[in-house]
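Quick note: numbers below take in every heavy atom, side chains included, and nothing from hydrogens, waters or symmetry partners. In what follows, chains carry the letters A, B, and so on, assigned in the order in which the sequence lines appear, proteins first and then strands, with residues in each chain numbered from 1.
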Amino acid sequence: MSPAETLSWPGTYGDEAKARMGFFTDTSICIGCKACEVACKEWNAIPDSPKGFSGKSYDNTLDLGADTWRHVAFVEQRVPADAGGGASLVEAAERGGLAEREGLATYQEGDGVRWLMSSDVCKHCTEAACLEVCPTGALFRTEFGTVVVQEDVCNGCGYCVPACPFGVLDQREGDGRVWKCTLCYDRLKDGKEPACAQACPTSSIQFGEVEELRERAERRLEKLRLAGQDEARLYLADPDDGIGGAGAFFLLLDEPEVYGLPPDPVDTRRDLGSIWAAAGAAALALGAGIAAAALGGRS
Amino acid sequence: MSASGAVRSYYGQPVIKEPVWTPEIPVYLFTGGLGGASAGLAELARLRGNEELARRAWVVALAGVAASPALLVSDLGMPSRFLNMLRMFKVTSPMSVGSWILSASGLATSVATANAMTGHLPRAARFACPAAALLGLPLSTYTAALLSNTAIPVWHESRRLLPFVFAGGAAASAGGTALAVTPDRHAKPARRLAVGGAVAQLAALQLMERSLGEIGEPLKLGPAGMLGKLAKGLTAAGAVTAVAGRGGARAASVAGGVLVTAGALAERWAVFRAGFQSAGDPKYVVGPQRERIERGEARGGSRQVGRRRAVQDPPAARAT
Ligand code: SF4
């Protein structure tokens with residue numbers, strides 16, 4: 001499977017298939033402004049979802065769900081002042097020129113704090129469990145290779161909710177149907193970029209053709225590592241991973257679980273063979289058991 | 001899970017979503033198995049000339065498969081759109097496959113039961129009876145595939161044994177219910193099925209819990225753990241009582257039948273609840289994945305190029 005190919009696509013679209021579109025979210029330059037969350041709610045007319053004050057850093061959104069299609073995570077970590085030879089992004093930038101050029105120096109005593117911020121979103125998986133388990137066909141693959149729920153078909157069965165390995169989908173209260181990021185399908189059809197990417201002031205959220213974004217991500221990773229940021233890693237950019245690679249992938253500065261992301265997600269369909277085989281074998285065993293009970297012995 | 005039992009997480013927030021399924025679903029897991037296995041019992045009893053047992057088992061079968069769609073419709077966020085289930089047939093969706101099995105088995109069981117009660121549909125019944133009996137088998141076990149085909153660790157990792165737990169429960173409840181409503185002279189096959197199903201269910205459950213290791217912890221803790229204990233107690237007590245009723249003690253037969261049936265219901269409920277507990281705690285989700293990565297068996301979610309820095313997470317970020 002070529003990196004840009006996704007299950008049942010572009011086959012089902014033939015000539016109408018477009019290049020696969022997606023997001024590269026570079027969390028190393030996310031400033032936690034939540035403009036993406038706001039722009040997404042605005043454009044998609046998503047109901048408000050007040051959860052109150054969480055006490056978890058600046059994050060009162062907490063997760064993705066029916067009414068949150070972008071979610072900015074805030075992680076505060078204590079860093080020993082000498083950790084990694086002082087190779088935080090800021091420090092690297094300083095070492096890279098600022099300090100020398102401007103004659104500035106920064107000092108840190110004892111422990112420091114490092115902030116990780118990251119805007120999470122539906123991954124638009126190449127192998128999308130949500131779409132595969134959907135019994136009505138409400139979830140479908142668009143001509144852009146993205147995964148979208150058709151709200152006029154969804155009957156609220158909820159199967160996609162525990163099937164998604166990222167916990168993206170949820171039922172909307174008082175509505176019963178499931179909702180999630182559409183990668184702004186309507187805007188894409190008009191040749192526009194998704195609202196969140198347009199609103200992002202630091203281009204932490206980059207929108208484009210997945211193949212091109214992957215190259216961009218590799219270059220960015222290379223650059224960060226040359227600058228001494230050797231904790232940087234790409235997440236879901238690999239077509240060989242458990243979901244066949246994502247249409248929306250990330251550059252992270254720590255292990256995925258620190259951001260609330262699964263470190264090694266796998267599409268449940270990969271085990272479908274053994275799942276059906278076991279159910280079939282058990283059905284046969286049940287048949288044998290009933291036969292033994294009914295036909296064995298006397299009457 | 002790491003030896004310390006602690007994994008890193010985002011303020012202990014769940015990584016995956018708990019199901020949105022309502023209590024109708026565990027009841028459906030039960031009624032599907034009860035109806036499905038009862039159809040098999042009814043058909044074989046009929047072939048064996050045991051009309052008394054056959055007629056009763058058909059009625060139970062119909063009750064089970066008739067209750068099932070009602071429960072499913074009631075669980076839907078958009079009940080009016082139940083028929084959307086039959087827009088397509090998708091092998092990748094056990095719910096889709098199950099909807100078709102349930103529809104077909106509902107039809108066949110209705111015809112078979114109508115004929116068993118009235119004798120008016122002999123032609124249709126010739127086909128409907130064996131069809132209902134056969135469809136009842138996957139109807140009893142596909143629900144395990146439905147649960148396993150999710151990202152919920154305790155359900156997904158029990159994919160090889162859960163269908164056998166459900167098959168045992170289906171047999172136990174079908175046998176138990178028939179035993180409770182059939183005069184002793186005609187109830188021998190029902191008693192054998194109830195006891196055999198109860199034993200099979202307990203054995204499969206034991207194997208499953210052992211193979212799951214730490215991933216199976218939710219089956220032992222909290223509400224799921226209590227339901228599980230209840231299920232095992234009811235099932236074991238019911239089987240013993242049913243055996244004791246062999247000599248003609250009617251009360252023992254009725255009690256035994258009711259107990260194993262209740263045990264089968266409680267077991268479905270326990271497995272259902274365990275899924276919520278498994279999804280709700282990031283340690284069950286992240287732990288096994290992190291272990292896979294450390295064993296070098298990862299499927300590559302993140303390219304392991306990053307060096308782990310000596311940072312200290314905020315206290316709440318470590319799930320225990
Ligand atoms: S992240 Fe979840 S909801 Fe989004 S495409 Fe993948 S499986 Fe579906």
Tell me if the aromatic rings of B/W21 and B/Y28 count as close, with their centers under 6.0 Å from one another. no
Taking the six-membered ring for Trp, are A/F249 and A/F24 closer than 6.0 Å centroid to centroid? yes
Are any side-chain N or O atoms of [X] and backbone N or O atoms of [Y], one a donor and one an acceptor, separated by less than 3.5 Å?
X	Y	value
B/H156	B/T150	yes
B/S211	B/M208	yes
B/S278	B/A274	no

Which of residues 172-181 of chain A get closer than 4.5 angstrom to chain B, counting heavy atoms alone? A/D175, A/G176, A/R177
Whether the [X] and [Y] side chains hold a donor-acceptor pair (N or O, under 3.5 Å, no angle test) is what I'd like checked.
X	Y	result
A/D26	A/S28	yes
A/E257	B/S9	no
A/D59	B/Y11	no

Residue among [options] with most heavy-atom pairs under 4.5 Å to chain A:
options	answer
B/T143, B/L44, B/L41, B/L161	B/L44
B/V20, B/N149, B/L72	B/N149
B/D75, B/L139, B/V97, B/I25	B/V97

Determine the option with the most heavy-atom pairs under 4.5 angstrom with chain B, choosing from [options].
options	result
A/L64, A/V161, A/I290	A/I290
A/A292, A/G156, A/A138	A/G156
A/P162, A/A278, A/A281, A/S274	A/P162
A/G260, A/P135, A/G245	A/P135
A/C154, A/C160, A/G289, A/A291	A/C154

Side chain, backbone, both or neither: which part of [X] has a non-hydrogen atom closer than 4.5 Å to chain B?
X	answer
A/L261	backbone
A/A246	neither
A/S54	neither
A/Y259	backbone
A/I243	neither
A/C164	backbone
A/A277	neither
A/A73	both

Examine whether an atom of [X] lies under 4.5 Å from a heavy atom of chain A, and if so say whether it belongs to the side chain, the backbone or both; otherwise answer neither.
X	result
B/E43	neither
B/R87	side chain
B/V91	both
B/S148	both
B/L47	neither
B/A37	both
B/A145	both
B/F89	neither

Above 12 or not: heavy atoms from other molecules or residues under 6.0 Å from NZ of A/K223? no
So do the side chains of B/M95 and A/C134 get within less than 4.5 Å of each other, counting heavy atoms only? no
Using side-chain heavy atoms (C-beta onward) and a distance below 4.5 Å, is A/D254 in contact with B/R8? yes
Salt bridge or not for B/R159 and B/E157, using N-O below 4.0 Å? yes
